[in-house]
Amino acid sequence: MTGAVTGSTGRGMTELPRQAGVASAVPARRGSRKIAGRRRHRDNLIAYLMLAPVVILLIIFVIIPLISAGYLSFFNWSFYRASEYVGFRNFVNVLQSPDFLASIGRGLLFATMVVPTVMILAFLFANIARGLGGRIAGFVKTSIYIPTIISGVIVAIVFTIIYDYSGGVLNWFLGLFGIQPIAWLADPSIALPALAVPEVWMMFGLTALIMLAGVLDIPDSYYEAAALDGAGWFKQMTYITIPSLKNVILYLLIANFTASLQEINLPLLMTQGGPLNATLLPNLYLFNHFTQDTYQGQPIAGALLLFIVLGAISASIFAVLNSEKAVDG
Amino acid sequence: MLQGILISAAAPLGASLLTACGSGTPGQPAGGGNSSGRKVINFWSQQFEDWQSAWEKKHVAAFNASQSKYKVELSIVPADAWAQKLKAAQAAGNGPDVYTISYGNIGSAVSTGSLVPLNGLIKSQYLDDIDPSIAKFVSAKSTPSSSLKQYAYPWLVEPSTVMFYRKDLFQAAGLDPDKPPTRWDQLPDIAAKLKKGSVYGLGTASVAADLSWSSWGLQQNAAEHYPVKTDWSSADPTITPYAKLAEFYSSLYNSGGMPKQALSAYADGTPLGQGKLAMQITGSWFIGLLRQQFPKLESKIAAAPMVSIDGDQTRPTATLGGWTLAIDAKSKTQDGAADFITYLLASGQSVMMDYFKASGWSKYAARTSIVKAIDADSAAQADPFRKIITDKIVKYGVPEATYPIDLSTDFATAIEKSMKGTSANQALATAKQQMNQYITSNKLAGTNTQASVQSGS
C-alpha cells in the first residue's frame, strides 16, 4: 500500500494536495491500525482470561483424567504395589463379558423407552403451553420443572415406595379393582419399564421447557402466512414447527439419549441391577466392578469403551439429522 | 485497567481452585498429620446402628484422653458410600490409618498389599486371645511362600442366617411355636400355612445381590464346601447338592407364602417387626433392631437355626460374618494405630463388654476371654436369643467365602433364575460357564491368600 502511494508522485501537480493528504493519512491509518490491533489484542487477552478458568477445569477434570484413564487401562492397577502391565487384556475381558455387552444393549433399550416418550410428551406440552397466557403458563411451567430439580436419589426412593409390593400406592390402587399385587421391581419382564417411568418423569421438565423456548422462538408470521394459504394444524406442525425445532430436537435427543444410557441412581437404589440383571445398566455394571474388583484396570477399560459407544451414538444422531444446515439456518 | 481488574480477580480464583484441588479427602494424607503436637490417626468406620456409633465416639474420646502421643479422628461413613470413598482415598494416597473391614474382604486386601500384618505391632498375648476358629478368618499369606500372619483384629462375629418367627402367628396357623421346622422340605408348606391376608408367611433373599452372600451358609449346608476350589483354579456349581439348593429356594418362592418381591433387603428385618411377615430369614443383627425399634414385639418373636437339607442341625447353616479393624499398609502411624486397636478391641475387658452390653447381646465375641466374661454375665445368661444363637448357630458357623463376589453373584443368579422358572440344572450350567470364564479372565488360580481357612471344592 505504501509503495503504491509513493509510486504515484510522478502524476500532475493537481494531485499533490491529495497525495500530500494521502501521505499524511498513512501514519494516521497506521496509528488507527495499531490502536485497533492493540484493542484486538486486549480483547483476545480478556477472552482468553475469561476462558481460562473453564479451560483449566477441563484440563484438570477431563483431559488429564482421560489420558490417565487411557494409560491405566493397560495395567492391573494396584494402589499399593507396582501395577502390572497387561496390554489389551482389560479391554478383551470387558468385551468378552456377557454382562457388559448385555448392559450396553439394555442401556440402549432403556434409552429407546425413555427418549421418544419424553420427546413426544414435551412436544405436546410445548404446543399446549404456547397457547397459555399469564399466570397459568407460569404455574404450569414451574410445576413441570419441579421433577428436574429433585435429586435422583429422592426420586428413586419415592418410586420404590410407589412400587412396593405390599403397601405400595400402585398395588393398593390396583387392589381396588381386585388385581393381585404385581412385583414391579422383581419381575424381570417389567422391571426395566418400571424404571423408565421415573426416568421420564425426571427428564420431562427440562426437555419440555427447552422445547417450549424453541416453539416460542418461531415467528408468528410463519403460521399466519401458512394459515392464509389454507394450511391446517397438522400441516403447520409438519412444515413449520418441527423443521424450525430441528436444532432443539437434535440437542435434546443427544442430551437425553446419553443421560438415559448413563442412568445409575435408579437401578442402583431401586433394584441393584436385578432381577436377573434386568436393570443392570452400563454405569451400574462399571460401578459394581469399581467397588468390587481387586484391581481397577477392567472398570476403567469398560468406562472407555462406554465413552466410545456414547460418542458413536451422538455422531450417529448428528449424521441422521444433518445438523449443519439447521444450525446455520 | 480492565486487564488489571481481571487479573487481580482471576488470581485468587485460580489460587482457590488449586488449593481446592490439592486438598485430600479429609484434608490430609494417611497418618503423619499433626494435631497440637500429637500424631493424628485417621479411623474410618462404616456406619452401623446408632448405639454402635455412640460407643465408637465414646471410646475414641476415652483413648484420646488416655495418652498424649496420638489423636484418633473418627469418620463414620455410610455403608452405601463406603467402597467408593475408601477406594478413591486409597488411589489418591489419602486412605485412613485404621478402618473397618469385613472378614470376607481381608483376603483380597492382603493380595493387593493394602494391609500391614499385626504380628509385631500388637502384643502376642492379645493376638493369642482371639478364638482359634476366628483367628483363621483374619489370617493370610501375602504370597504363597510367606508365613501365615494376622492382618486384622476381630471385633465381633454375627451369623448371617437365622430363622426368626412370630410365635403367636405360628399358634394361629395351628403350628407348634416350640417346634420350628428343621428340614428344607418342611419350610415351603409352613410358609404357605402362615400366609394370612396381607401378612406373608416367609421373607428371605430373592434377588442375586442378596443371595450372593446370604446363601453361603446354605451352600455349605448342602455340599459342605463352596463351589469354587480352594486354590481358586476352577468352579463347579453343577453338583447335585447345589441343584437341590436352587430347587429349595424355588420351592420357597413358589410356595404362595413368600412375596414375589422382597419386602426389604435381606439384611433389613423391618418387615418382621412391622408385622408384615410371620417368619424372616436374616442375620442375628435383627435382635438389635427388634429391641431398639419394636420392643413390644420381642416376647412374640423366637429365633431358630435355619432349616437344614436333611434336618441335621449340626451342619452349618450360617456363615459367621462380622467386622474387624485393620491397619493400612501406607499408614505412617502404624504403631499408634496398633495401640488404638489394642485399646479398643484387644486389651482388658471393660471396653468390649461395654460394646456387647450396648448391643443387647445381639453380637458375638471373637476373643476367648470376652466369651467367658459374657458367659458369666447374668444379664447375658438371661437373654432368650443368645443361648440359641451361640449354641446352635455360631457353634456350627463357617467362614464367609473370600473369592471375588462376582463368582458368588454368578452362583446366586442361578438360584434366582431357578426361583423364576428356569430349571436348576440349566441355570447352574450357565453359572459354571460364567464363573470359570471369570476365573480365567482374571487369572485367579493360585491367588487365594487364605487357602488355609477356605473349604473349597
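In what follows, chains carry the letters A, B, and so on, assigned in the order in which the sequence lines appear, proteins first and then strands, with residues in each chain numbered from 1.
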Undergrad: Is chain A contacted by the side chain of B:Q437, its backbone, both, or neither, given a heavy-atom distance below 4.5 Å?
TA: side chain
Undergrad: With only heavy atoms counted, which part of A:Q298 is less than 4.5 Å from chain B, the side chain, the backbone, both or neither?
TA: side chain
Undergrad: Picking from A:F290, A:F287, A:F79, which has the most non-hydrogen pairs under 4.5 angstrom with chain B?
TA: A:F79
Undergrad: Please test B:S146 against B:S142 for side-chain hydrogen bond (donor to acceptor under 3.5 Å, both in side chains), starting from the C-alpha separation and ending with a verdict.
TA: CA-CA 6 Å; B:S146 306; B:S142 59; 3.2 Å; yes
Undergrad: Flag the one option from B:A265, B:S114, B:A83 with the top tally of heavy-atom pairs under 4.5 Å to chain A.
TA: B:S114
Undergrad: A:F91 vs A:F74 aromatic rings, parallel, tilted or perpendicular, using cut-offs 30° and 60°?
TA: tilted
Undergrad: So B:W232 and B:Y403, would you call those rings parallel, tilted or perpendicular, with 30° and 60° as cut-offs?
TA: perpendicular
Undergrad: Highest number of heavy-atom pairs under 4.5 Å with chain B: which of A:H289, A:Q272, A:Q96, A:R89?
TA: A:R89
Undergrad: Check whether A:S78 gets within reach of chain B through its side chain, its backbone, both or neither, counting any heavy atom under 4.5 Å.
TA: side chain
Undergrad: Does atom NZ (B:K443) have a neighbourhood of more than 12 heavy atoms from anything else shown, all under 6.0 Å?
TA: no
Undergrad: Run the side-chain contact (heavy atoms from CB on, under 4.5 Å) check on A:L192 and A:R106 step by step: do they pass?
TA: CA-CA 9 Å; A:L192 195 63; A:R106 200 173 294 118; 3.9 Å; yes
Undergrad: Quick one: of B:I405, B:D406, B:N442, who has the most non-hydrogen atom pairs under 4.5 Å with chain A?
TA: B:D406
Undergrad: Quick one: is the NZ or CZ of B:K276 closer than 6.0 Å to the six-membered ring centre of B:Y200, and within 45° of its axis?
TA: no
Undergrad: What part of B:S111 gets closer than 4.5 Å to chain A, counting heavy atoms only: side chain, backbone, both or neither?
TA: both
Undergrad: Looking at B:L263, B:T413, B:V207, which has the largest count of heavy-atom pairs under 4.5 Å with chain A?
TA: B:L263
Undergrad: Would you mind checking which part of A:D293 comes under 4.5 Å of any heavy atom in chain B, side chain (CB onward), backbone (N, CA, C, O), both or neither?
TA: both
Undergrad: For the candidates A:P181, A:G273, A:S166, which exhibits the highest count of non-hydrogen atom pairs separated by less than 4.5 Å from chain B?
TA: A:S166
Undergrad: If you draw a 6.0 Å radius around NZ in B:K87, do more than 12 non-hydrogen atoms from other residues or ligands fall strictly inside?
TA: yes
Undergrad: Measuring heavy-atom distances to chain B, does A:T271 have an atom under 4.5 Å in its side chain, in its backbone, in both, or in neither?
TA: neither
Undergrad: Could you tell me the separation between the CG atom of A:L185 and the CD1 atom of A:I162, rounded to the nearest 0.5 Å?
TA: 10.5 Å
Undergrad: Answer whether the closest heavy-atom distance between the side chains of B:D328 and B:Q90 falls below 4.5 Å.
TA: yes
Undergrad: Measuring heavy-atom distances to chain A, does B:K420 have an atom under 4.5 Å in its side chain, in its backbone, in both, or in neither?
TA: side chain
Undergrad: Examine whether an atom of B:A329 lies under 4.5 Å from a heavy atom of chain A, and if so say whether it belongs to the side chain, the backbone or both; otherwise answer neither.
TA: both
